[in-house]
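Note that the coordinates shown come from a computational prediction; the quantities given were computed from them, not determined experimentally. By convention in this document, chain letters (A, B, ...) are assigned in the order of the sequence lines, proteins followed by strands, and residues within each chain are numbered from 1. These numbers come from the heavy atoms of this one structure, side chains and all, not from hydrogens, waters or symmetry mates.
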There are 2 protein chains.
Amino acid sequence: MSDTTGARARRPRTDAQRNRTHILDVAEQYFSEHGITGSLDAIAKQAGIGPGTLYRHFPNREALLAALLKAREDELVSRHDAIRREVRDSTEALAQWLEALGRWSTAFEGLPEPLRMALTEDTSPLALTCQGYITITDEFLTAAQRDGGARPEVRGRDLFLSVLATSWVRSAAMADESSPLALNALMRTGWAIP
Amino acid sequence: MSDTTGARARRPRTDAQRNRTHILDVAEQYFSEHGITGSLDAIAKQAGIGPGTLYRHFPNREALLAALLKAREDELVSRHDAIRREVRDSTEALAQWLEALGRWSTAFEGLPEPLRMALTEDTSPLALTCQGYITITDEFLTAAQRDGGARPEVRGRDLFLSVLATSWVRSAAMADESSPLALNALMRTGWAIP
DNA sequence: CAACATACGGAGACGGTCTCCGGATTGTCA
DNA sequence: TGACAATCCGGAGACCGTCTCCGTATGTTG
């Protein structure tokens with residue numbers, strides 16, 4: 001529905017489109033290096049544009065983040081498909097999905113924070129994404145529960161939050177690198193049935 | 001060693017002392033209402049003093065926080081004593097200690113964040129406090145492990161981080177109030193041996 | 001090539017952190 | 001008690017980050 005709609009808007013100007021993708025490129029790198037709390041104006045400057053331009057494309061940090069994560073969404077969705085296709089054991093499938101979620105939520109330093117926020121304020125552009133992933137988690141979870149591999153009292157939302165929480169611990173590189181692993185193990189013994 | 005040291009500093013002026021405690025009072029209330037990310041200058045204004053005065057007493061937000069938590073330290077220490085005195089079952093003792101830690105780390109909205117930071121940068125005034133509580137956690141934990149109530153591979157540091165992580169989830173009041181409870185339960189099945 | 005919609009850019013309002021130092025206040029000692 | 005020195009106060013303002021507004025520039029369409 002983007003081609004021949006009745007009163008269709010003309011398509012965005014090419015310079016705008018170019019700027020948009022360029023901002024995303026720069027932001028991707030900048031957030032990777034400085035974490036998501038880095039200065040947005042600095043990103044604009046590094047992209048060679050004015051702050052106004054950046055803020056028109058992405059009205060705030062969350063919007064920019066959402067756009068960046070959109071790119072990684074395909075990655076996660078295809079991982080989701082691969083797991084459904086290749087992993088027979090439903091418990092193992094859940095475990096692998098949670099691991100994929102963990103990688104996703106540590107894409108940038110400090111990412112777990114806005115993700116958690118998005119779960120409370122549904123006005124956030126990240127809220128929809130999170131909700132979708134919770135649903136997927138629930139699917140894997142109920143399958144595992146049906147097969148007796150996961151405790152029945154656990155909910156998908158709780159697992160999603162667990163992943164976020166352990167990713168949050170991992171943030172701000174700890175002196176002790178083993179803690180995130182330990183927490184993951186703790187979580188797993190928490191939801192799994194041996 | 002505060003009385004008759006050789007070249008002892010004279011004791012602080014009474015107005016300074018008065019200001020200090022007054023700042024703490026105001027900050028306690030302000031952080032309770034607005035979370036720990038509230039404006040420090042606003043606290044100064046509300047206390048009827050200049051920003052400079054606040055920052056001389058507490059050079060940054062962390063220092064102020066540390067001072068506020070110092071007050072609650074007694075509370076936690078006495079809780080620690082009470083548990084050791086009254087709770088016979090070492091596993092139950094550990095559980096109760098973790099619960100006390102959880103309450104401590106949710107004293108103010110947003111508190112878990114600086115606490116986690118303090119664990120990585122040992123220059124923080126909060127670092128010592130955290131370290132102490134990790135040690136205590138380790139004591140309770142090894143006792144529980146000796147009695148076969150806790151998994152041997154778990155470490156005190158991991159449990160402390162777990163508590164912080166669940167408190168972090170609780171922050172920013174979720175629409176779903178049951179999640180923190182669920183996470184706590186998950187954690188417990190994670191470290192406990194039935 | 002108009003003329004119109006759209007987008008750009010940067011000046012600057014705003015709010016927060018934190019510093020600096022002239023002036024006020026307190027403690028001390030003769 | 002009356003200086004004097006040590007100490008502390010207060011607020012102006014430097015600095016940084018977020019975000020807005022609008023005159024100007026650039027694309028797009030007929």
Stacked cation flag Arg72(B) on Phe108(B), 6.0 angstrom / 45 deg: yes
From [atom1] of [X] over to [atom2] of [N], roughly how many Å is that when rounded to an integer?
X        : N       : atom1 : atom2 : value
Leu64(B) : dT17(C) : CG    : C1'   : 13 Å
Arg18(B) : dG27(C) : CZ    : P     : 10 Å
Asn19(A) : dA25(D) : CG    : P     : 17 Å
Asn60(A) : dT18(D) : CG    : P     : 11 Å
Arg11(B) : dC8(D)  : CZ    : P     : 12 Å
Arg56(B) : dT17(C) : CZ    : P     : 17 Å
Arg20(B) : dC8(D)  : CZ    : P     : 12 Å
Ile36(B) : dT17(C) : CD1   : P     : 12 Å

Report yes if at least one side-chain N or O of [X] is closer than 4.0 Å to OP1 or OP2 of [N]; otherwise report no.
X        : N       : result
Arg61(B) : dT17(C) : yes
Ser39(A) : dT18(D) : yes
Thr53(B) : dC8(D)  : no
His57(B) : dC8(D)  : no
Arg13(B) : dT25(C) : no

query: Would a distance-only check, ignoring hydrogens and angles, find a side-chain to backbone donor-acceptor pair under 3.5 Å from Arg116(B) to Trp168(A)?
result: yes
- prompt: Does Tyr30(B) offer a backbone N or O that forms a donor-acceptor pair with the side chain of His34(B) under 3.5 Å?
  reply: yes
message: Under a 3.5 Å threshold, yes or no: a donor from one side chain and an acceptor from the other, between Thr137(A) and Arg157(A)?
response: no
task: Would you tell me whether Gln96(B) and Arg79(B) have side-chain atoms, one donor and one acceptor, within less than 3.5 Å of each other?
output: yes
5' precedence on DNA chain C between Pro12(B) and Tyr55(B) (nearest-nucleotide basis): Tyr55(B)
query: Taking for each residue the nucleotide of DNA chain C bearing the nearest heavy atom, is the 5' side occupied by Gln17(A) or by Thr14(B)?
result: Gln17(A)
message: Does Asp41(B) contact dC18(C) through a side-chain donor or acceptor facing the base, at a distance under 3.5 Å?
response: yes
